[in-house]
Amino acid sequence: MAITLEQVAKTSIDTLIDEAALQARVRELGEQLSRDYGGQDLLLVCILRGGVMFLTDLMRQLSIPHNIDFMAVASYEEGVRQSDGMVRITMDLLTDIQGRNVLLVEDIVDTGHTLSRVLDLLGTRLPASLRVCCLLDKHERREAKVPIDYIGFQIPDKFVFGYGLDMDQYWRNLPYIGVARSDPASGP
Ligand code: PRP
């Protein structure tokens with residue numbers, strides 16, 4: 001059942017990664033990417049919707065020319081993505097990536113199934129290079145082996161939201177990564 005606006009308003013949120021730490025790490029990643037891709041073509045591909053805030057902040061920390069594009073994915077059925085990894089593309093790129101240096105920008109890698117599917121698909125389009133930059137790596141939950149080239153933070157197996165990530169489609173606007181205080185998994 002969908003969360004009500006009243007429940008949303010009553011959510012007690014603890015901070016897992018505060019705004020200053022997020023911004024500092026994004027700045028570091030931007031500097032590293034600017035060095036690594038200096039003098040080269042670069043196309044940032046954001047997987048909607050959770051990666052949007054990370055993408056826009058990361059772009060502002062890049063000192064090199066780059067392009068952006070977006071794609072969206074979904075489970076074949078509600079809840080199926082985590083159990084068997086079946087993911088379908090619901091919105092494809094507008095850009096032809098053949099011969100381009102593609103950097104996937106993701107908010108979080110959890111089981112890894114989303115990333116695995118997207119990497120398989122984009123790999124068939126013959127990019128010059130295909131790398132991954134994710135803000136949050138929930139490594140304990142991994143089911144699919146996926147290469148991640150740039151990681152913002154390793155995080156524990158807790159339900160997190162904010163900074164683009166949602167709780168029932170809300171709270172994406174938070175400038176920090178939060179955990180619900182009532183979440184039993186968030187510990188004492
Ligand atoms: C989240 C996140 C990744 C995916 C990671 O998307 O943005 O795309 O889950 O999970 P996985 O590693 O277990 O595949 P979500 O389905 O929450 O959609 P959203 O980005 O629109 O919030």
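Ligands are counted one by one from 1 in listed order, and the atoms in each one are counted from 1 as well.
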Does the pair [X]/[Y] count as a salt bridge with the N-to-O cut at 4.0 Å?
{"X": "Asp57", "Y": "Arg60", "result": "yes"}
{"X": "Asp107", "Y": "Arg172", "result": "no"}
{"X": "Lys10", "Y": "Glu6", "result": "yes"}

Given that the side chain starts at C-beta and the backbone is N, CA, C, O, which of these parts of [X] lies under 4.0 Å from ligand 1, counting heavy atoms, or is it both or neither?
{"X": "Leu165", "answer": "neither"}
{"X": "Arg141", "answer": "neither"}
{"X": "Asp110", "answer": "both"}

Within the 4.0 Å heavy-atom shell around [X], which atoms of ligand 1 are there?
{"X": "Ile108", "value": "2 (C), 3 (C), 5 (C)"}
{"X": "Asp166", "value": "22 (O)"}
{"X": "Thr114", "value": "4 (C), 5 (C), 8 (O), 10 (O), 11 (P), 14 (O)"}
{"X": "Thr111", "value": "11 (P), 12 (O), 13 (O), 14 (O)"}

*asked:* Name the residue from Leu93, Ile68, Asn67 that meets the side-chain contact (heavy atoms from CB on, under 4.5 Å) definition with Val45.
replied: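 When Leu93, Ile68, Asn67 are each tested with Val45, the side-chain contact (heavy atoms from CB on, under 4.5 Å) holds only for Leu93.
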
*asked:* Just to check, does Arg172 reach to within less than 4.0 Å of ligand 1 when the distance is taken from its heavy atoms?
replied: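 A heavy atom of Arg172 does come that close to ligand 1.
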
_With a 4.0 Å cut-off on heavy atoms, is Leu115 in contact with ligand 1?_
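No, Leu115 has no heavy atom closer than 4.0 Å to ligand 1.
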
*Ile47, any N or O under 3.5 Å of ligand 1 N or O*: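 No - when backbone and side-chain N and O of Ile47 are compared with those of ligand 1, no distance drops under 3.5 Å.
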
*Indicate whether any N or O donor in one side chain lies under 3.5 Å from an N or O acceptor in the other, for Arg131 and Asn101.*
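No, because no side-chain N or O of Arg131 sits under 3.5 Å from a partner of the opposite role on Asn101.
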
*Show your working on salt bridge (Lys or Arg N to Asp or Glu O under 4.0 Å) between Asp137 and Arg142 and close with a plain yes or no.*
CA-CA 9 Å; Asp137 178 15; Arg142 197 77 84 251; 2.4 Å; yes

*Look at atom NE2 of His139 and say whether more than 12 heavy atoms of other residues, nucleotides or ligands are closer to it than 6.0 Å.*
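No, not enclosed.
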
